[in-house]
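Below is one structure; the comments refer to it alone.
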Amino acid sequence: MSTADDAPQPNRDNLVARIAEAEREGWLGEVEGLRVSLAGAEDKLVHMDRQTSGGTAIDLGMPRIAPARSTQVDGTASLPQSLDDQQ
């Protein structure tokens with residue numbers, strides 16, 4: 001089974017390899033764009049690590065569903081009667 005730690009590392013390694021290739025080829029614009037992507041990926045990894053380490057679960061309990069109550073009041077019209085009155 002894969003975990004959250006499995007997927008990001010190959011993506012990061014791929015970005016590092018692409019940066020090296022772009023530097024060798026002299027693609028300066030590509031280098032800059034890949035460095036921005038790498039910084040974003042590393043920030044995301046840090047954020048994911050913070051979420052998975054030391055988190056505390058809070059038990060909110062189960063919601064209670066109140067029993068249905070009748071809303072009909074003596075002397076009120078039903079919907080079809082009300083529509084007939086409007087015509």
Side-chain angles (χ1 to χ4, degrees):
M1 176 167 197
S2 66
T3 65
D5 294 333
D6 293 342
Q9 189 62 38
N11 292 338
R12 185 192 173 284
D13 293 344
N14 182 290
L15 283 169
V16 170
R18 289 173 58 194
I19 290 170
E21 177 187 13
E23 286 173 339
R24 276 193 315 273
E25 298 296 329
W27 303 330
L28 301 180
E30 187 74 8
V31 170
E32 184 61 28
L34 289 168
R35 285 184 178 158
V36 169
S37 295
L38 179 59
E42 289 175 340
D43 286 345
K44 188 169 187 174
L45 286 171
V46 168
H47 181 71
M48 289 170 56
D49 286 342
R50 285 184 192 151
Q51 283 185 332
T52 58
S53 63
T56 303
I58 298 172
D59 182 13
L60 299 176
M62 291 295 294
R64 289 183 288 151
I65 300 173
R69 293 182 290 173
S70 174
T71 58
Q72 184 176 5
V73 178
D74 290 339
T76 60
S78 65
L79 181 59
Q81 289 172 336
S82 295
L83 292 175
D84 288 341
D85 292 343
Q86 292 177 4
Q87 294 176 357

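From a predicted model like this one, the values you see are computed outputs, not experimental measurements. Residues: numbered from 1 along the sequence shown.
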Mind listing the side-chain donor-acceptor pairs of residues 57-64 below 3.5 Å, one per line with the distance, residues two or more places apart or on another chain?
{"unit_1": "Asp59", "atom_1": "OD1", "unit_2": "Gly61", "atom_2": "N", "d": "2.9"}

_Side chains of Arg18 and Leu15, heavy atoms from C-beta outward: is any pair under 4.5 Å?_
yes
Which side-chain N or O atoms in residues 28-38 pair as donor and acceptor under 3.5 Å with protein atoms at least two apart or in another chain?
{"unit_1": "Arg35", "atom_1": "NH2", "unit_2": "Glu23", "atom_2": "OE2", "d": "2.4"}
{"unit_1": "Ser37", "atom_1": "OG", "unit_2": "Gly33", "atom_2": "O", "d": "3.2"}

